[in-house]
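Quick note: numbers below take in every heavy atom, side chains included, and nothing from hydrogens, waters or symmetry partners. A note on names: the letters A, B, ... follow the listed sequences, proteins ahead of strands, and every chain is numbered from 1. Remember, predicted model here, so these are calculated numbers, not experimental data.
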Protein chains: 2
Amino acid sequence: MSADRRPADDVDEIVAAWRRERPDLDVSPLEVLSRVSRLARRLDLARGSAFSEHLLDGWAFDVLSALRRAGEPYELSPGQLVQQTLVTSGTMTNRVDRLERSGFVGRHPDPGDRRGVLVRLTPAGRDVVDSAMADLIEQEKSLLSELSAADRAQLADLLRRMLAPLETRETRETRETRETR
Amino acid sequence: MSADRRPADDVDEIVAAWRRERPDLDVSPLEVLSRVSRLARRLDLARGSAFSEHLLDGWAFDVLSALRRAGEPYELSPGQLVQQTLVTSGTMTNRVDRLERSGFVGRHPDPGDRRGVLVRLTPAGRDVVDSAMADLIEQEKSLLSELSAADRAQLADLLRRMLAPLETRETRETRETRETR
DNA sequence: TCGGTTTCTTTCGATGTCAAGACTCTTGAC
DNA sequence: GTCAAGAGTCTTGACATCGAAAGAAACCGA
């Protein structure tokens with residue numbers, strides 16, 4: 001055993017408890033997956049604090065950043081936003097409503113389809129998402145400070161290998177058959 | 001840069017979009033952190049399907065597994081459950097209410113403190129959490145099938161190194177005030 | 001005994017999902 | 001050409017869950 005690499009986190013304790021209670025089970029998958037979940041929760045919290053300076057909530061950033069990434073003219077349909085943010089259409093209607101009231105997006109009729117609407121970033125929306133993104137990156141950089149560049153590359157690679165099969169399955173189901181979800 | 005290792009996931013596309021739109025920003029932290037978030041979301045979904053056979057929700061498993069891990073007599077106070085599951089006390093009251101109605105836990109007065117309550121797993125609760133845990137482990141194992149044992153160990157280690165500093169901060173705040181755990 | 005603290009519950013507001021609905025588009029028979 | 005049936009897009013409304021803060025009961029130290 002390479003014994004004391006030990007910073008030791010909560011997951012070490014959880015795994016130890018399970019091994020004591022269920023010695024018959026191989027709980028080693030928790031070593032990876034439980035850490036992923038807990039780390040994600042921390043990231044959400046950290047993200048929230050990064051955004052609060054910009055008067056943004058996490059959900060708002062999700063929507064605005066999807067529009068920003070889309071590039072000029074920063075327009076997507078509610079349906080496309082639903083796909084990218086993994087929420088339901090009802091939720092997206094509500095989010096766009098609130099962002100519209102805040103002045104960060106506008107609704108415009110889709111010239112090519114009168115059923116449709118296009119959600120477009122306003123200049124104010126673009127400003128806020130750009131500065132929030134800069135802060136977010138800065139903060140995330142500090143979260144990664146424990147790791148060398150090589151570590152990060154390896155971590156990204158390992159995570160991609162876990163993620164890719166999960167997403168290709170969904171891609172085939174989602175992106176092709178229906179256009180929404 | 002090292003070109004075609006390509007399983008390629010959604011994060012590759014998101015990162016590429018950001019590089020196009022904001023070439024001035026170093027968005028490389030997203031390579032790691034965005035993957036962590038997305039992976040966590042997939043895990044939640046997968047977990048849900050693993051539990052549905054046992055008529056459990058994710059939140060219910062969180063509570064029951066904390067009790068199960070505690071060992072005989074499978075008792076914790078609501079306050080301890082709050083700490084372990086990272087929800088508020090009001091939420092926990094509600095969760096215990098519902099688990100009690102389902103017959104998976106019981107509330108018992110704390111003999112040493114009349115303000116207090118001890119939440120105890122019923123035999124039915126223990127059965128359901130044990131079989132759900134077995135299924136969960138099985139499923140998680142398959143999610144990790146892409147990775148060799150060495151990969152998993154390394155991944156666990158890298159994640160621990162990110163997680164540990166985040167948790168020690170909380171440890172100092174939280175774990176000291178209480179003493180039980 | 002009294003004031004401050006801890007523990008759990010209750011209430012209220014915000015947000016999410018799901019299902020139903022209104023409107024528009026598309027397709028194909030006539 | 002046109003009309004009806006079926007699909008697609010978005011919004012609405014009912015219901016459920018969660019968190020924040022206030023409330024009620026019990027503990028504890030002085």
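- Atoms CZ (B:R101) and P (D:dT17) sit 9 Å apart, rounded to a whole Å.
- As a whole-Å value, the separation of A:L99 CG from D:dT11 P is 13 Å.
- When both distances must be under 3.5 Å, the Watson-Crick or G-U wobble mate of C:dC30 is D:dG1.
- Minimum atom distance to the side chain of A:N94 is reached by C:dT15, of the listed C:dT17, C:dT15, C:dT9.
- Remark: B:T91 is in phosphate contact with D:dG19, judged by side-chain N or O atoms under 4.0 Å from OP1 or OP2.
- If you take CZ of B:R95 and P of C:dT10, they are 17 Å apart, rounded to a whole angstrom.
- With C:dC8, D:dA20, D:dC10 as the choices, the nucleotide that has an atom nearest any side-chain atom of B:P78 turns out to be C:dC8.
- The distance from the CD atom of B:E146 to the CZ atom of A:R160 is 13.0 Å, given to the nearest 0.5 Å.
- Of the possible donor and acceptor atoms, none in the side chain of A:S77 sits under 3.5 Å from a partner among the backbone N and O of A:V117.
- Among the atoms of the strands shown, none is found under 4.0 Å from any heavy atom of A:D110.
- The residue among A:R114 and B:R107 whose nearest nucleotide of DNA chain C is located toward the 5' end is B:R107.
- Listed nucleotides C:dT17, D:dC10, D:dA21 differ in distance to B:S89; the shortest reach to its side chain belongs to D:dA21.
- Residues A:S148 and A:D151 have side chains that bring a donor and an acceptor to within less than 3.5 angstrom of each other.
- One finds the CZ atom of A:R107 at 5.0 Å from the CD atom of A:E100 (value rounded to the nearest 0.5 Å).
- The NE2-P distance, from B:H108 to C:dC8, rounds to 14 Å in whole Å.
- Among the atoms of the strands shown, only primed sugar atoms or phosphate atoms (P, OP1, OP2) are found under 4.0 Å from some heavy atom of B:G79.
- Of the two residues contacting DNA chain C, namely B:M92 and B:R115, the nearest-nucleotide position lying further toward the 5' end is that of B:R115.
- Listed pair A:R98 / C:dT15 meets the phosphate criterion, a side-chain N or O lying under 4.0 Å from OP1 or OP2.
- Atom CH2 in B:W59 sits about 18 Å away from atom P in C:dT17, given to the nearest Å.
- The CG atom of B:D97 sits 15 Å away from the P atom of D:dA16 (whole-angstrom rounding).
- In the set C:dC25, C:dT9, D:dC10, the nucleotide with an atom closest to the side chain of A:D113 is C:dC25.
- Note that CG of A:L67 and OH of A:Y74 are 10.5 Å apart. Values are rounded to the nearest 0.5 Å.
- The interatomic distance linking B:D62 (CG) with D:dT17 (C1') rounds to 14 Å, in whole Å.
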